[in-house]
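For reference, the structure is listed below as structure tokens.
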Amino acid sequence: MKASALFDVADLVTVVTGGASGIGLAYAEAMADNGAKVTIFDLDPESLDRETKRLGARGKRVDVTNKDALDRAFDETVAEAGRLDVVFANAGIGGGPGFLTLDGKRNAPRAFEQLDTEQWERIFKLDVTALFWTIQAAARHMKTSKGGRIIVTTSISAAKTESFVGTPYVAAKAGAAQLVRQAALELAEYNILVNAIAPGPFVTNISGGRLRDDAVQAALAKYCPLKRLGFADDIQGLALFLASPAAKYMTGASLTVDGGVTLGVAG
Ligand SMILES: NC(=O)c1ccc[n+]([C@@H]2O[C@H](COP(=O)([O-])OP(=O)(O)OC[C@H]3O[C@@H](n4cnc5c(N)ncnc54)[C@H](O)[C@@H]3O)[C@@H](O)[C@H]2O)c1
């Protein structure tokens with residue numbers, strides 16, 4: 001088996017939600033650079049316009065928390081491209097700071113009893129409810145063809161507790177991770193494979209781009225055995241793998257890409 005055939009994603013009709021920035025953009029780029037037909041769904045018109053031009057991809061300005069708009073964007077994409085092969089369900093927002101500051105002190109405004117319901121609901125609407133709708137739309141279209149791939153960006157926070165990340169995010173990502181497994185179980189019958197990518201800390205625009213700050217990076221890198229945070233090219237191979245024939249016997253899996261953060265502290 002040649003690597004070129006094993007990882008062939010050419011002509012795959014691919015949607016990436018939240019694909020105009022960060023991790024989603026890294027997925028979109030990996031797929032477009034290897035010949036896939038990529039459509040990015042994103043809220044932000046400027047980065048959507050810039051990045052779709054750069055990648056030679058299509059773009060749809062859509063808020064994935066609006067079910068009607070999301071369904072319409074999928075229907076239009078399938079009408080334009082003829083089918084749907086791969087969906088990266090990736091759009092998400094950060095959880096904000098956790099109950100500890102980066103220097104290990106209690107962060108009073110982020111104490112459990114201070115957390116506001118509005119933020120809880122916003123995160124759950126995007127990370128769980130809109131993910132549910134995205135998988136529904138993908139399944140509806142993929143069932144009419146020979147199957148497909150749904151790849152969900154969860155987080156290492158789905159399975160580990162966090163001191164520096166807001167509590168609603170941790171609970172929402174745990175919900176997203178179990179939704180992946182449940183969807184994978186039911187949709188296997190239709191050759192729709194559903195897997196998760198669980199990143200550790202990646203330098204993106206999440207949480208107002210706070211991970212772009214050198215001091216924040218240095219503080220968090222101490223908890224990473226590889227001693228640095230992740231960047232776009234650290235996740236692209238995994239995206240390509242899960243979309244490609246190489247992953248054809250995988251479903252319901254969660255693949256962690258975190259520089260070893262979940263292993264523990266290594267000095
Ligand atoms: N960066 C990290 O450290 C990290 C770690 C683990 C998981 N993740 C997950 O990765 C995913 C992508 O995050 P990122 O770090 O690349 O952030 P990012 O802010 O760089 O990119 C997110 C993109 O999603 C878009 N978006 C946000 N809300 C949307 C909505 N309602 N509808 C459509 N588009 C929307 C934004 O406009 C943006 O382009 C999220 O699900 C996030 O939880 C990130």
Side-chain angles (χ1 to χ4, degrees), residues 15-29 39-52 57 59-74 87-98 121-131 133-134 137 151-160 162 164-166 168-177 179-180 196-213 216-217 220-221 223-224 228-232 234-236 238-239 254-259 261-262:
V15 165
V16 185
T17 73
S21 168
I23 289 172
L25 179 58
Y27 299 156
E29 186 179 69
T39 302
I40 293 174
F41 294 179
D42 205 288
L43 263 185
D44 177 0
E46 277 165 34
S47 44
L48 186 61
D49 185 52
R50 185 183 61 245
E51 300 302 343
T52 49
K60 293 196 186 290
R61 189 178 176 195
V62 56
D63 178 348
V64 299
T65 65
N66 177 335
K67 186 178 189 305
D68 289 343
L70 181 66
D71 283 341
R72 214 168 27 247
F74 271 108
V87 171
F88 289 93
N90 165 81
I93 46 173
E121 287 177 343
R122 195 154 32 90
I123 290 176
F124 269 73
K125 180 107 190 248
L126 185 50
D127 285 356
V128 183
T129 308
L131 171 62
W133 291 335
T134 303
I151 299 148
V152 177
T153 312
T154 57
S155 169
I156 56 170
S157 308
K160 79 185 265 300
E162 296 285 357
F164 307 124
V165 178
Y169 182 86
V170 176
K173 287 296 187 182
L179 197 54
V180 166
I197 293 178
F202 268 70
V203 178
T204 67
N205 291 323
I206 202 163
S207 297
R210 96 176 165 129
L211 298 184
R212 295 197 184 281
D213 183 312
V216 173
Q217 280 186 36
L220 292 176
Y223 298 95
C224 177
R228 67 172 179 86
L229 272 55
F231 290 87
D234 292 316
I235 208 161
Q236 288 178 314
L238 203 44
S254 173
L255 299 183
T256 297
V257 51
D258 70 346
V261 169
T262 43

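Whatever order the structure lists them in is the order used to number ligands and atoms, beginning at 1. Residue indices begin at 1 and follow the sequence shown. When reading the values below, keep in mind they use all heavy atoms of this one structure, side chains included, and skip hydrogens, waters and symmetry mates.
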Heavy-atom side-chain contact between [X] and [Y] under 4.5 Å:
X      : Y      : result
Arg228 : Asp234 : yes
Leu48  : Arg50  : no
Ile235 : Phe202 : yes

Is there a donor-acceptor contact under 3.5 Å from the side chain of [X] to the main chain of [Y]?
X      : Y      : result
Asp127 : Phe124 : no
Glu51  : Ala20  : no
Thr52  : Asp49  : yes
Lys173 : Ala198 : no
Gln217 : Leu211 : yes

Inset, instruction - Consider ligand 1: state whether an atom of it lies below 4.0 angstrom from any non-hydrogen atom of Ser207. - result: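 No, Ser207 has no heavy atoms under 4.0 Å from ligand 1.
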Inset, instruction - Using non-hydrogen atoms of the residue, decide whether Pro201 is closer than 4.0 angstrom to ligand 1. - result: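 In this structure, Pro201 qualifies as a contact of ligand 1 - some heavy atom is under 4.0 Å.
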Inset, instruction - Report the C-alpha separation of Phe74 and Thr134 in whole Å, then their side-chain angles, then the decisive distance to 0.1 Å, and conclude whether the side-chain contact (heavy atoms from CB on, under 4.5 Å) test is met. - result: CA-CA 9 Å; Phe74 271 108; Thr134 303; 4.0 Å; yes
If hydrogens are left out, which of [options] has an atom nearest to [atom], that is, the closest non-hydrogen atom?
atom                    : options                       : result
atom 36 (C) of ligand 1 : Leu25, Val62, Asp42           : Asp42
atom 7 (C) of ligand 1  : Thr134, Thr154, Ile23         : Thr154
atom 41 (O) of ligand 1 : Leu220, Asn90, Val16, Asp63   : Asn90
atom 9 (C) of ligand 1  : Ile197, Leu48, Ile123, Thr153 : Thr153

Inset, instruction - Look at the aromatic rings of Tyr223 and Phe164 and report parallel, tilted or perpendicular, splitting at 30° and 60°. - result: tilted
Identify the closest protein heavy atom to [atom]: which residue and atom is it, and at what distance?
atom                    : result
atom 20 (O) of ligand 1 : Ser21 OG, 2.6 Å
atom 32 (N) of ligand 1 : Val64 N, 3.0 Å
atom 29 (C) of ligand 1 : Leu43 CD1, 3.6 Å
atom 22 (C) of ligand 1 : Gly92 O, 4.0 Å
atom 5 (C) of ligand 1  : Gly200 O, 3.1 Å
atom 24 (O) of ligand 1 : Gly18 CA, 3.3 Å
atom 6 (C) of ligand 1  : Pro199 O, 3.3 Å
atom 15 (O) of ligand 1 : Thr204 OG1, 2.6 Å

Legend entry - For Gly22, the ligand 1 atoms whose distance to one of its heavy atoms is below 4.0 Å: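 With Gly22 as reference, the close atoms of ligand 1 come out as 16 (O), 20 (O).
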Inset, instruction - Give the contacting part of Leu126 toward ligand 1: side chain, backbone, both or neither, where contact means a heavy-atom distance below 4.0 Å. - result: side chain
Legend entry - Flag for Thr17-Asn90: side-chain donor and acceptor within less than 3.5 Å: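 Side-chain D/A pair, Asn90 to Thr17: absent.
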Inset, instruction - Indicate whether any N or O donor in one side chain lies under 3.5 Å from an N or O acceptor in the other, for Asp258 and Thr256. - result: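 Their side chains do not contain a donor-acceptor pair, so the 3.5 Å distance test is not met.
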Between [X] and ligand 1, does any nitrogen or oxygen pair lie at a separation below 3.5 Å?
X      : result
Ser155 : no
Leu211 : no
Lys173 : yes

